[in-house]
Amino acid sequence: MFFNIIVPLYMTISLNNIVPVPLKEKFLQRGSDVWNTEITFLKGEWVKIKAPSGTGKTTLVHTLYKLRNDYDGNVRWNDKTLRTIGDDELALLRQQNVSVIFQDLRLFPNLSARENIELKRVLQSPFYESNRIDEMAARLQVTHVLNQRAGLCSYGEQQRIAIIRALMQPFDWLLMDEPFSHLDINNTEKAASLIAEECQKRNAGFILTDLDEDTHFEYTRYLNL
Amino acid sequence: MLNNLLKKLIKASTGRSRFILAIVGLSVALLLILAAVQIQVNYNDLLNSKTNQDSVANFLVINKAVTSSNVGATTLSNADIDDLKKQPFVDAIGVLTPSRFKVSAQGASDRIPFYTDLFFESVPDEFLDVNNKNWKWGDQSTFIPLIIPNMFLDMYNFGFATSQNLPQLSQELVMSLPIQVNIKTPLGNVNYYGKVVGFSDRISSVLVPQSFMDWANNKYGNDADKARPSRVVIRTKDAGNPRLTNYLHEHGLTTDTDKTRFSKYRQIVTGVVNVSWVTGAVMLLFALLIFTLFIQLTIATCQEEIALLVTLGTAPKQLQRFLMKQFFPPNIVIVLVVLAIISLLQFLLKRILDAQHFYVNGIISLYTIIAGIIILIVLWLVNYYTIRKYIYLQR
């Protein structure tokens, strides 16, 4: 029998009673699995957060990704309080530990689809060779738009480009905000299986927010916002 | 690769004309400043280098200006001499010791008869422009070596001799003539032989070796007080130094104005250099301002792109490095081009001055290059801190 001393290098995300300031009154009256509670996500957990419209889905993702600071309570990445993380350290975390798929996609409209993905690939020392872009694009059936300006792609195409972009980097956590909102069932399944594979490859966890229940992934935790 | 993508996102095209304006302004400013440095170096070269030393006098005989109010009182006090010694433009000072006895000279042979009352002065050897092995005197010497001003011989040859129908004399002939030197003492004349051993352009006096002067003053001198020095010779790096001219003027002293005339040129050159400096510095300031504004404008125009880049995980440091690569290299090119232009001008200047027997270095001076590097460092700092400031301001 072997006793391995495992140094916990993996990232945990913990929330300490966070409540967004603008929606404070509303959220405090209503019960929630996430707002104003103590909750810790361990690495490798696949978390689904179900949230009807207007319950703060996007607010939560933006808060976890440190795009906004207007909340009470604390978010910790490992043991670092998100609020006090410096610019360059934050950039490093976003390059190495946390990836994101935004609901509003956030592609550079003037770059081609391929350039949008490539940018994320070379932002840090590359996790994948560039031919991996073509492989993923082929799987999600967007090869034909790779050299097109992202601004000219349909929302469905843009969403798949945004998914591929998020999978180009190393990460411990993948944050997803309604990642399949513009995709049909067929494409959603393909995208979900790609995401699942990539998470398994990295031994990574994800937090996915969506309006409805779904069976795209084998979730390990299920929460209501 | 990342840089290529960033280049597509952060375009500096919005203020292209302003950028070109800033570059032109910076070039002119640098040209003025570095040219000022180079001119100053050239001028110092002309003043101090060995090859030019003969063209610029650096030994000056100084005495009080004789005016109606100080006739008979033109001796220099010890305080006067000490004060002069303390001035930064005086490298060395030598007192011209006057003789304290009456002396006359006459032709020792009948071939060229002449007689003249005379005076002697002596000066430390280091201030002489005559090198002659006979320029020494001791107890055993058979003759007294004399140095007379070149001007005397010229006056004789071209003024006196021609008008009096007398033969002209060459330097060699004069130096071969034996001269009888009579020193008058209360007990009658004492005779010596003298010989001209050289001609001086520097000191307009009849000079004898210091050792003879000391000995003779001691032996035949009458009144110690009367023999205070009236003239001193100074060695200076730059006879054209305006401070020297001013000092002499303020203390009622005078010297060979031909030699200090250079100070006027010097003041003009200094004026030109200063104007160039100031104009260049002001232009540099404006060019820096435009550069700063241009950087600010570029960053502000690309605000959205920069925000999304940071959202995606671009480190502000990465952006800063990228922007430095965009903005700084033109500065290096400008400095190099300006240095090349000044090198060319310097080369042309050397050719022009060579024809007039002024010698300057044909290669651009190290000081100019150092000044260029210093300005480049300043540019780097301004670029760096502007970019830093506005990148973090975006956050």
Side-chain angles (χ1 to χ4, degrees), chain A residues 61-62 64-69 85-127 129-130 133 149-151 161-162 165-171 173-175 177, chain B residues 1-16 19 292 294-329 380-395:
Chain A
V61 171
H62 284 191
L64 294 180
Y65 197 65
K66 207 195 176 207
L67 284 186
R68 50 194 296 174
N69 286 316
I85 269 177
D87 287 330
D88 288 308
E89 200 182 351
L90 180 67
L92 194 66
L93 280 166
R94 286 173 179 175
Q95 288 176 10
Q96 300 291 341
N97 303 103
V98 181
S99 191
V100 67
I101 301 167
F102 291 111
Q103 187 186 14
D104 53 355
L105 308 175
R106 302 206 179 181
L107 300 176
F108 291 105
N110 291 324
L111 293 187
S112 70
R114 184 190 291 280
E115 285 167 340
N116 267 288
I117 301 168
E118 179 70 9
L119 178 71
K120 195 73 169 126
R121 190 180 76 85
V122 294
L123 205 52
Q124 63 285 311
S125 51
F127 184 74
E129 296 295 314
S130 60
I133 297 176
R149 266 181 52 203
I161 298 302
R165 178 175 72 178
L167 298 178
M168 270 300 129
Q169 67 165 94
F171 58 81
W173 283 100
L174 177 61
L175 306 177
D177 188 6
Chain B
M1 189 62 214
L2 179 61
N3 277 349
N4 287 342
L5 291 168
L6 290 178
K7 234 179 251 176
K8 284 193 175 179
L9 288 171
I10 301 174
K11 281 192 191 127
S13 59
T14 38
R16 191 51 78 183
F19 187 62
T292 311
F294 180 71
I295 290 170
Q296 191 183 349
L297 184 75
T298 303
I299 293 174
T301 318
C302 303
Q303 198 172 349
E304 278 179 30
E305 283 82 0
I306 288 174
L308 183 48
L309 279 167
V310 171
T311 300
L312 292 176
T314 315
K317 268 184 197 158
Q318 283 174 303
L319 285 173
Q320 213 174 320
R321 232 181 354 244
F322 165 76
L323 288 169
M324 275 307 270
K325 269 187 200 158
Q326 298 301 298
F327 292 119
F328 190 60
W380 189 88
L381 288 173
V382 168
N383 273 279
Y384 182 83
Y385 283 105
T386 311
I387 288 172
R388 210 171 104 122
K389 183 178 165 195
Y390 290 105
I391 281 291
Y392 280 90
L393 215 64
Q394 289 295 313
R395 297 284 300 108

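Chain letters run A, B, ... following the sequence lines, proteins first, then strands; residues in each count from 1.
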**Q.** Note, Lys317(B) side chain near Asp87(A) side chain (heavy atom, < 4.5 Å)
**A.** no
Q. So, do Leu119(A) and Leu309(B) sit near enough that their side-chain heavy atoms are less than 4.5 Å apart?
A. yes
Which answer fits [X], side chain, backbone, both or neither, if we ask what part of it has an atom under 4.5 Å from a heavy atom of chain B?
X         : value
Leu111(A) : side chain
Gln124(A) : neither
Arg165(A) : side chain

Q. For Leu9(B) and Phe108(A), which heavy atoms make the closest approach, and how far apart are they?
A. CD2-CD2, 3.4 Å
Q) What is the minimum heavy-atom distance between Ala315(B) and Ala91(A), and which atoms define it? A) CA-CB, 3.4 Å
**Q.** Side chain Gln318(B), main chain Leu123(A), donor-acceptor under 3.5 Å
**A.** yes
Q | Check: Lys120(A) side chain, Leu312(B) main-chain N or O, donor-acceptor pair, under 3.5 Å | A | yes
Q.
According to side chain to side chain donor-acceptor pair (under 3.5 Å), who are the partners of Ser99(A), at least two apart in sequence or on a separate chain?
A. Gln169(A)
Q: Check ring-ring contact (aromatic ring centres under 6.0 Å, His included) between Phe322(B) and all other residues, then give those that pass, not counting sequence neighbours.
A: none
Q.
Determine whether Arg106(A) and Thr311(B) satisfy the following criterion, side chain to side chain contact (heavy atoms under 4.5 Å, CB included), listing intermediate values before the conclusion.
A. CA-CA 10 Å; Arg106(A) 302 206 179 181; Thr311(B) 300; 4.2 Å; yes
Q) What residue, out of Leu308(B), Leu6(B), Asn4(B), has the most heavy-atom pairs lying under 4.5 Å from chain A? A) Leu308(B)
